[in-house]
Protein chains: 2
Amino acid sequence: MTSLIATGRPDSRLAALLDKGVPSMAIQDDKSVANRLFFRLFQASNILQKQTVGQVGLSTVQWAVLGALSRKGYEDGISFNQLTEYLIVSRQNLDGVLKRLERDDHVKRIPHPDDKRARLILLTDKGRAFWESLQPKIHEFYAQGLANFTFDETVSLLHYLNKFQKDLEAIAMQEAPNAEREES
Amino acid sequence: MTSLIATGRPDSRLAALLDKGVPSMAIQDDKSVANRLFFRLFQASNILQKQTVGQVGLSTVQWAVLGALSRKGYEDGISFNQLTEYLIVSRQNLDGVLKRLERDDHVKRIPHPDDKRARLILLTDKGRAFWESLQPKIHEFYAQGLANFTFDETVSLLHYLNKFQKDLEAIAMQEAPNAEREES
DNA sequence: AAATAAAAGACAATGTATTGACATAAAATT
DNA sequence: AATTTTATGTCAATACATTGTCTTTTATTT
């Protein structure tokens with residue numbers, strides 16, 4: 001019931017699959033390819049988490065937070081809210097991560113000068129030095145993770161991921177419309 | 001010190017970047033592209049988590065577990081250990097996830113007939129029915145997430161992710177060799 | 001056969017991620 | 001100006017993920 005083998009698609013697509021090295025037994029239809037793609041992203045993310053901890057010594061969130069704060073132009077901090085949007089993590093999640101980074105004296109939160117509700121997050125001197133000290137490990141990690149990628153292939157993968165992310169992000173927008181009408 | 005602008009690379013690579021729609025200001029060197037790729041994977045994974053919960057009503061792990069158990073040929077179960085390897089999650093993590101799925105009566109663990117240490121994991125009838133009932137939502141989710149992808153583009157992204165995962169997985173192998181010599 | 005080592009998986013502690021709830025401050029409405 | 005609504009960040013409860021530890025069983029070595 002759930003496996004439709006033949007869907008009357010032209011052979012060119014099959015040929016493309018075979019060109020890419022996909023085992024012919026695995027080829028069924030669009031749904032199968034989509035399922036494989038989503039599952040592969042799930043697996044790849046799991047490996048990325050494990051290897052980042054193993055090779056760099058940070059969780060992926062911490063790596064992302066420190067990387068975001070160390071960017072040029074953010075020496076005076078970035079607002080908590082902007083940071084959640086940049087990293088695509090919930091406020092509540094970021095709060096916990098920052099708590100632990102503050103405990104280790106790697107980041108600090110200060111009141112926002114223009115908005116008494118808001119906070120600015122920035123690296124401490126210790127945090128900046130720590131981040132700098134990790135750079136060799138991190139670049140070595142990048143290099144190993146892309147060992148068999150040409151420059152052009154890396155750019156292509158990045159391009160597709162950008163595109164995929166945009167599509168994924170757009171989904172939830174559709175069910176917002178009914179948030180407007182409560183009563184007449 | 002951390003930003004090397006010119007690296008003497010031929011123009012063809014720059015052209016390739018511009019072809020892909022990468023803003024020219026962002027182009028620096030291989031390290032920058034690698035950093036962007038890893039960060040994009042981090043972001044994409046975060047979005048995938050959120051959207052899976054929102055659209056399907058399951059966490060990504062639960063989606064992956066139920067999907068794995070519902071595969072044809074696994075009606076009689078899969079060993080706990082095989083399942084951790086397939087999903088690329090730790091034994092300890094899977095244990096907790098299975099506990100909650102057992103609590104909801106979606107999966108069960110039974111003793112392995114050939115190995116008294118091991119367990120077989122399988123769907124309950126309720127779990128299988130539940131999974132089947134989710135299929136429309138899931139396929140709709142796949143379709144929306146790949147709304148702007150042609151079939152060939154989807155296959156290309158899948159191909160690159162496969163390749164990237166393989167590179168990432170290979171990293172830790174290098175530091176294993178010293179596990180053999182304790183004493184003479 | 002006895003001792004040792006290794007594999008399987010369960011438990012505990014901590015970090016990461018989600019939702020729900022709350023207090024405060026800013027913006028919008030009246 | 002006073003009220004209502006919205007935005008920002010924090011706290012609490014639960015789920016997910018990692019490392020370390022332990023018990024039981026199997027495999028290996030002697």
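Please read these numbers as outputs of a predicted model, since none were measured by experiment.
- A:L37 is listed as a side-chain neighbour of B:L146, based on a closest heavy-atom distance under 4.5 Å.
- Using cut-offs of 30° and 60° for the angle between ring planes, the A:F130 and A:H106 rings count as parallel.
- The 5' end of DNA chain D is approached more closely, in terms of each residue's nearest nucleotide, by A:T84 than by the other of A:T84 and B:V61.
- Separating the CG atom of A:N93 from the C1' atom of D:dT14 is a distance of 14 Å, rounded to the nearest angstrom.
- Counting heavy atoms from C-beta on, the side chains of B:V107 and B:L122 never come closer than 4.5 Å.
- B:N81 places its CG atom 14 Å from the C1' atom of D:dT25, with the value rounded to the nearest Å.
- Between B:R119 and B:D95 there is no salt bridge, since no side-chain nitrogen of the basic residue lies less than 4.0 Å from a carboxylate oxygen of the acidic one.
- Nucleic acid contact for A:S90: base, since at least one base atom lies under 4.0 Å from a heavy atom of the residue.
- Between the C1' atom of D:dA17 and the CG atom of A:L48 lies a distance of 14 Å, rounded to the nearest Å.
- Separation of the B:F164 and B:F38 ring centroids falls under the 6.0 Å cut-off.
- A donor-acceptor contact under 3.5 Å links the side chain of A:R91 to the base of D:dG9.
- In this structure, A:Q49 and B:D115 both approach DNA chain C, and ranking their closest nucleotides by distance from the 5' end singles out B:D115.
- As rounded to whole Å, 14 Å separates atom P of D:dT8 from atom CG of A:L83.
- In 5' to 3' order, the nucleotides of DNA chain C bounding all contacts with chain B (an atom under 4.0 Å from a heavy atom) are C:dA7 to C:dT18.
- Taking the ring centre of A:F39 as origin, the terminal cationic atom of A:R36 falls outside the region bounded by 6.0 Å and 45° from the ring axis.
- Proximity of A:K50 to the phosphate of D:dT18: a side-chain N or O atom is located under 4.0 Å from OP1 or OP2.
- If you measure from atom CD of A:E85 to atom C1' of D:dT8, you get 11 Å, rounded to the nearest angstrom.
- Taking the ring axis of A:Y86 as reference, the NZ or CZ atom of A:R71 stays within 45° of it and closer than 6.0 Å to the ring centre.
- Counting non-hydrogen atoms under 4.0 angstrom, B:Q62 reaches the backbone sugars and phosphates but no base.
- Heavy-atom distances under 4.0 Å link DNA chain D to A:D95, A:K99, A:R109 of residues 94-113 of chain A, given in residue order.
- Between A:R117 atom CZ and D:dT8 atom P the separation is 6 Å, expressed in whole Å.
- A:K50 is listed as a side-chain neighbour of B:I88, based on a closest heavy-atom distance under 4.5 Å.
- With salt bridges taken as basic N to acidic carboxylate O contacts below 4.0 Å, one links A:E102 and A:R109.
- Distance CZ (B:R119) to C1' (D:dT25): 10 Å, rounded to an integer number of Å.
- One interatomic measurement links the two molecules: CZ of B:F80 to C1' of D:dT26, which rounds to 18 Å at whole-angstrom precision.
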